[in-house]
Amino acid sequence: MGKIQEKIYQKLPYPFKFLLLNIKAYQNSKQRYTTAFDQYLQEYIELWNTDIDTLRIYQKKKLQLLLTEAYESSDWYAAKYKALGINKEDIATDPYLVLRKMPILTKSERKTEYDAIVNKNRPTDGVGYTSGTSGAPTINYLDKESINRSFALWRRFHKAIGLETKRVRQVRLSGRLIVEPTTKKPPFWVYNYFENQLLMSTYHLTEDNLPHYIKRLNTFKPELLDGYPSAIYIISKYINENNIPLKWIPKAIAVTAETLYDYQRIEMEKAFGCNVYNQYASSEGSPFITECTEGNLHLNIDSGVFEFINTKGAIAKPGEVAQLVVTSFTNLKTPLIRYNIEDTVLLSEQNSTCTCGCVMPTIEKLTGREDDILWTEEKGYVGRMDTAYKGLKGIVKSQIIQDDPKSITVNAIVDKEFDTTMQEKLLSNLKDRLGQNLNYTVHIVDTIPLGANGKFNAVKRKFKIEI
């Protein structure tokens, strides 16, 4: 919905919210699930189960197509090619060599130069916006093929974890304003008939409201819970702490958009009795990374090319936390070539073949946005800070903020079990992981605000490390 539509939607009584949302859902479904979508889905399913040589040939052809279209139809990239002396014959001969010569596209360039970057020869069939973590969303032009391919890859992920490819009965918890933030009584959700999807608000997950959420889940009985891990974790923790029986077991939980922590996975799997699967994509059109049934994160190399860069601009080594630089096949209207998307991953120590049957390469972990990773002179990049809380009692929710390389602030919501001993243990754990010579401050707070688009930022670094 556009901003004006959203304002109108928020003021409507619930029956009219349902009607307006489903009119939009019908339009989206007609655009997303076409004959072309079916063809792309079948293509991707076959690629998931194929051999590595076939995948490499497919990736090379897609890269040649992307680079050629950018050469012919994007003012931004045409200027880069010209400056580098690259022609179409070079692209046809060795597209990977051409790719390595191209400059890295930055977030600021992507945000301000979108009209120059766009592929002029593809129609504009949709306009989207990123969540705008910096406060200013980025415009994202789409054509039908980009929309269809993105949703086909998403459905391929569903099939790989044992779900149907269409109309999976699901609950989605994301940052959309489903109902007004000031609403005090249920419903805190709206049903999307055309996607067989119950959209639940992440802005009303208070202790008073959680019984209403769980009651609705017990009547809706989704096959899939999908959305922000922080939101599903809150519901899961309440279920476990209050020993609430569920009347069904979902087939899967799929999380996205935030870093998934081990303690969240444990709590969710205990509450709902099914596996949690992590996934990575972006509204800008990043290539996909998806978790398989064996718990490994596969780089979907049929959706793009992944590069892993350390802070010195060099290729990251196995076992390192690395920034993602992506070249995407999923957004052909707004081409992304060597785009520093400012997300990070932990690379595996060694290459291994996954026993799920998919031969696409794997990584160890999705560690989050580049500014979700702390950095100190003593330790370098430090991810997965959830380990600092192991063995501690009394911390209900917390957030670590790093204003500069020498300062760490922890905002914590605590209960009666949190005392001076727990605080000293927390500080000791932080020092072990981040370094002994930083300034540490712990603030006990009543609330921790959500970030952009309803996401919870467990870690925030406020200074940039340029690659």
From [X] [atom1] over to [Y] [atom2], what is the distance, rounded to the nearest 0.5 angstrom?
X	Y	atom1	atom2	answer
I266	E269	CD1	CD	8.0 Å
E291	T362	CD	OG1	11.5 Å
T50	R56	OG1	CZ	12.5 Å

Over 12 non-hydrogen atoms of neighbours within 6.0 angstrom of NZ in K144: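 No, not enclosed.
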Should the heavy atoms of other residues, nucleotides or ligands under 6.0 Å from OH of Y440 be counted, would the total exceed 12?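 Yes, because the 6.0 Å sphere around OH of Y440 holds more than 12 heavy atoms from other groups.
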Under 4.5 Å between any side-chain heavy atoms of L246 and I239, yes or no?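 With C-beta onward as the side chain, the pair touches.
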Got I253 and L224 here, is their nearest side-chain heavy-atom distance under 4.5 Å?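 Counting from C-beta outward, I253 and L224 never come under 4.5 Å.
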Between Q197 and Y191, is a side-chain hydrogen bond (donor to acceptor under 3.5 Å, both in side chains) present by the stated rule, with each step listed? CA-CA 6 Å; Q197 180 185 64; Y191 179 58; over 6 Å; no
Does the side chain of [X] come under 3.5 Å of the side chain of [Y] through a donor N or O and an acceptor N or O?
X	Y	result
S230	E258	yes
N140	R110	yes
S328	N331	no
S398	Y389	yes
R156	N300	yes
E69	N119	yes
T344	T367	yes

Go through it in stages, so that I can follow the logic: the residues are E284 and K107, the test is salt bridge (Lys or Arg N to Asp or Glu O under 4.0 Å), and I'd like the CA-CA distance, side-chain angles, deciding distance and then a yes or no. CA-CA 11 Å; E284 292 174 277; K107 278 273 186 180; 3.1 Å; yes
T330 vs R149, test: side chain to side chain contact (heavy atoms under 4.5 Å, CB included). Steps then yes/no. CA-CA 6 Å; T330 64; R149 283 191 176 278; 5.5 Å; no
Please walk me through it: do Q323 and D343 pass side chain to side chain contact (heavy atoms under 4.5 Å, CB included)? CA-CA 6 Å; Q323 290 193 29; D343 286 323; over 6 Å; no
Give the intermediate values and the outcome of side-chain hydrogen bond (donor to acceptor under 3.5 Å, both in side chains) for residues T355 and E294. CA-CA 7 Å; T355 54; E294 294 298 315; 3.3 Å; yes
Is [Y] paired with [X] through a side-chain N to carboxylate O contact shorter than 4.0 Å?
X	Y	value
E164	K159	no
K397	D415	no
D143	K333	no

Intermediate values then yes/no, side chain to side chain contact (heavy atoms under 4.5 Å, CB included), I244 and Y238: CA-CA 8 Å; I244 298 173; Y238 187 86; 3.5 Å; yes
Honestly, is R169 close enough over F220, meaning NZ or CZ under 6.0 Å from the six-membered ring centre and within 45° of the axis?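 Yes, R169 lies over the aromatic ring of F220.
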Ring centres under 6.0 angstrom apart (Y233, Y263):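 Yes, the ring of Y233 comes within the 6.0 Å limit of the ring of Y263, centre to centre.
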For the aromatic rings, using the six-membered ring if either is Trp, is the centroid distance between W154 and F288 under 6.0 Å?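 Between W154 and F288, the centre distance exceeds or equals 6.0 Å.
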Only distances under 3.5 Å count here; give the side-chain donor-acceptor pairs of residues 25-42 to other protein atoms, sequence neighbours excluded, each with its distance to 0.1 Å.
unit_1	atom_1	unit_2	atom_2	d
S29	OG	A25	O	3.0
Q31	NE2	D125	O	2.7
R32	NH1	E195	OE2	3.1
Y33	OH	R155	NH2	3.0
Y33	OH	E195	OE1	3.2
Y33	OH	E195	OE2	3.3
T34	OG1	A36	N	3.3
T34	OG1	F37	N	3.2
T34	OG1	N148	OD1	3.2
D38	OD1	K166	NZ	3.0
Q42	NE2	E46	OE2	3.2

Determine whether R338 and E307 satisfy the following criterion, side chain to side chain contact (heavy atoms under 4.5 Å, CB included), listing intermediate values before the conclusion. CA-CA 8 Å; R338 301 203 78 206; E307 296 176 74; 2.8 Å; yes
